[in-house]
Amino acid sequence: MGFAVWFVGAIILHDLVMWPLYTAADGALRGRRRRPWLNHVRVPAALSLLLLLVWFPLILGGAEANYRTAAGLSTAPYLLRWAIVTLVLFAGSGLLYAMRRRAAGRPDR
(Lines give C-alpha, C1' and ligand atoms only; values in the text may rest on other atoms or scores of the structure.)
Protein backbone atom coordinates (compact mmCIF):
# COMPACT_ATOMS: atom_id res chain seq x y z
CA MET A 1 0.00 0.00 0.00
CA GLY A 2 2.86 2.37 0.81
CA PHE A 3 4.36 1.92 -2.64
CA ALA A 4 1.02 2.65 -4.33
CA VAL A 5 0.63 5.89 -2.36
CA TRP A 6 4.20 6.90 -3.19
CA PHE A 7 3.71 6.05 -6.88
CA VAL A 8 0.47 8.03 -7.20
CA GLY A 9 2.05 10.93 -5.30
CA ALA A 10 5.07 10.87 -7.61
CA ILE A 11 2.82 10.93 -10.67
CA ILE A 12 0.79 13.84 -9.31
CA LEU A 13 3.92 15.74 -8.26
CA HIS A 14 5.52 15.23 -11.66
CA ASP A 15 2.48 15.98 -13.81
CA LEU A 16 1.04 18.88 -11.85
CA VAL A 17 4.18 20.55 -10.47
CA MET A 18 7.41 19.51 -12.16
CA TRP A 19 6.24 19.27 -15.80
CA PRO A 20 4.89 22.85 -15.94
CA LEU A 21 8.01 24.16 -14.18
CA TYR A 22 10.58 22.64 -16.50
CA THR A 23 8.43 23.28 -19.56
CA ALA A 24 8.28 26.97 -18.63
CA ALA A 25 12.03 27.04 -17.94
CA ASP A 26 12.75 25.41 -21.30
CA GLY A 27 10.44 27.83 -23.10
CA ALA A 28 12.15 30.79 -21.42
CA LEU A 29 15.57 29.51 -22.48
CA ARG A 30 14.50 28.70 -26.01
CA GLY A 31 12.61 31.90 -26.78
CA ARG A 32 11.89 32.59 -30.44
CA ARG A 33 15.39 32.19 -31.83
CA ARG A 34 17.36 29.04 -32.51
CA ARG A 35 20.04 28.59 -29.86
CA PRO A 36 22.64 25.98 -30.82
CA TRP A 37 24.08 25.84 -27.28
CA LEU A 38 20.74 24.96 -25.64
CA ASN A 39 21.13 21.18 -25.79
CA HIS A 40 24.66 21.51 -24.45
CA VAL A 41 23.13 22.99 -21.28
CA ARG A 42 19.94 20.93 -21.26
CA VAL A 43 21.55 17.46 -21.34
CA PRO A 44 24.07 17.85 -18.49
CA ALA A 45 21.47 19.67 -16.39
CA ALA A 46 18.96 16.86 -16.91
CA LEU A 47 21.52 14.18 -16.08
CA SER A 48 22.67 16.05 -12.99
CA LEU A 49 19.11 16.53 -11.77
CA LEU A 50 18.35 12.87 -12.44
CA LEU A 51 21.34 11.86 -10.33
CA LEU A 52 20.20 14.22 -7.59
CA LEU A 53 16.67 12.83 -7.73
CA VAL A 54 17.84 9.23 -7.43
CA TRP A 55 20.51 9.79 -4.78
CA PHE A 56 19.18 12.81 -2.86
CA PRO A 57 18.95 11.10 0.55
CA LEU A 58 22.66 10.28 0.35
CA ILE A 59 23.71 13.54 -1.33
CA LEU A 60 21.85 15.73 1.16
CA GLY A 61 22.78 13.56 4.15
CA GLY A 62 19.19 12.63 5.02
CA ALA A 63 19.98 8.92 5.24
CA GLU A 64 23.09 9.22 7.39
CA ALA A 65 21.92 7.01 10.25
CA ASN A 66 20.47 4.27 8.05
CA TYR A 67 23.45 4.28 5.70
CA ARG A 68 25.95 4.17 8.57
CA THR A 69 24.06 1.24 10.11
CA ALA A 70 23.82 -0.69 6.84
CA ALA A 71 27.20 0.06 5.27
CA GLY A 72 29.30 1.36 8.13
CA LEU A 73 30.19 4.43 6.05
CA SER A 74 29.30 8.11 6.04
CA THR A 75 27.19 9.87 3.42
CA ALA A 76 29.54 12.89 3.50
CA PRO A 77 31.40 12.11 0.23
CA TYR A 78 28.20 11.93 -1.85
CA LEU A 79 27.67 15.69 -2.10
CA LEU A 80 31.21 16.33 -3.31
CA ARG A 81 31.05 13.42 -5.75
CA TRP A 82 27.73 14.61 -7.18
CA ALA A 83 29.18 18.12 -7.58
CA ILE A 84 32.23 16.71 -9.37
CA VAL A 85 30.09 14.59 -11.70
CA THR A 86 27.97 17.67 -12.45
CA LEU A 87 31.08 19.74 -13.14
CA VAL A 88 32.48 17.06 -15.47
CA LEU A 89 29.15 16.79 -17.33
CA PHE A 90 29.00 20.54 -17.94
CA ALA A 91 32.71 20.81 -18.78
CA GLY A 92 32.48 17.93 -21.25
CA SER A 93 29.40 19.41 -22.84
CA GLY A 94 31.07 22.82 -23.10
CA LEU A 95 34.15 21.26 -24.67
CA LEU A 96 32.00 19.38 -27.18
CA TYR A 97 30.15 22.60 -28.04
CA ALA A 98 33.44 24.47 -28.53
CA MET A 99 34.79 21.71 -30.79
CA ARG A 100 31.59 21.72 -32.86
CA ARG A 101 31.69 25.50 -33.20
CA ARG A 102 35.31 25.38 -34.27
CA ALA A 103 34.64 22.61 -36.80
CA ALA A 104 31.63 24.48 -38.21
CA GLY A 105 33.71 27.64 -38.63
CA ARG A 106 36.26 26.00 -40.93
CA PRO A 107 35.98 27.02 -44.59
CA ASP A 108 36.44 23.45 -45.89
CA ARG A 109 33.28 22.19 -44.16
Side-chain angles (χ1 to χ4, degrees):
M1 184 64 179
F3 176 76
V5 170
W6 172 84
F7 190 70
V8 170
I11 290 172
I12 291 170
L13 177 68
H14 177 265
D15 290 351
L16 296 180
V17 177
M18 297 306 294
W19 181 266
L21 284 177
Y22 56 74
T23 301
D26 185 55
L29 276 176
R30 201 169 355 133
R32 294 179 185 254
R33 297 183 315 155
R34 183 178 178 272
R35 291 179 167 59
W37 53 265
L38 186 59
N39 284 337
H40 291 275
V41 173
R42 196 184 278 166
V43 171
L47 291 174
S48 177
L49 287 173
L50 180 63
L51 287 173
L52 180 61
L53 180 66
V54 170
W55 297 103
F56 79 91
L58 295 173
I59 292 171
L60 301 178
E64 178 69 35
N66 291 339
Y67 190 71
R68 186 171 297 280
T69 302
L73 300 170
S74 172
T75 60
Y78 280 90
L79 178 60
L80 179 61
R81 291 174 185 166
W82 173 76
I84 290 170
V85 167
T86 299
L87 179 68
V88 168
L89 286 170
F90 276 99
S93 184
L95 182 62
L96 180 63
Y97 177 68
M99 289 179 359
R100 286 182 175 176
R101 289 290 302 231
R102 185 169 182 214
R106 291 185 183 161
D108 58 338
R109 292 212 173 216

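With hydrophobic clusters built from ILVMFWY side chains whose heavy atoms lie under 4.5 angstrom apart, F3 does not share a cluster with I12. Criterion: ILVMFWY side-chain heavy atoms under 4.5 Å apart, direct or through other members. Under it, F90 and W82 are not part of a common hydrophobic cluster. Put simply, I59 and L50 are part of the same group of oily side chains (I, L, V, M, F, W, Y) that touch within less than 4.5 Å, one to the next. V85 and F56 fall within a single hydrophobic cluster, where Ile, Leu, Val, Met, Phe, Trp and Tyr are joined by side-chain heavy atoms under 4.5 Å apart, directly or via other members. In terms of hydrophobic clustering, with Ile, Leu, Val, Met, Phe, Trp and Tyr side chains grouped at heavy-atom distances under 4.5 Å, L52 and V43 are assigned to a common cluster.
Note: W37 CH2 to R42 CZ = 9.5 Å, rounded to the nearest 0.5 Å. Here W6 contributes atom CH2 and I11 contributes atom CD1; the two are 9.0 Å apart, rounded to the nearest 0.5 Å. Here the CZ atom belonging to R81 is positioned 13.5 Å from the CG atom belonging to L51, to the nearest 0.5 angstrom.
Taking every heavy atom of both residues into account, L89 and L47 meet most closely at CD1-CB, 3.9 Å. When every heavy atom of E64 is checked against every heavy atom of L73, the shortest pair comes out as OE2-O, 4.4 Å. Contact detail for S48 and T86: the closest heavy-atom pair is OG-OG1, 2.7 Å. Nearest heavy-atom pair across G61 and T75 is CA-OG1, 3.7 Å.
By the 4.5 Å heavy-atom criterion applied to side chains, Y67 and S74 are not counted as neighbours. Side-chain contact between Y22 and H14 is present, with at least one heavy-atom pair separated by less than 4.5 Å. Considering only heavy atoms from C-beta on, L53 stays 4.5 Å or farther from L49 through its side chain.
Using a distance-only test at 3.5 Å, with no hydrogens or angles considered, a donor-acceptor pair links the side chain of T23 to the main chain of W19.
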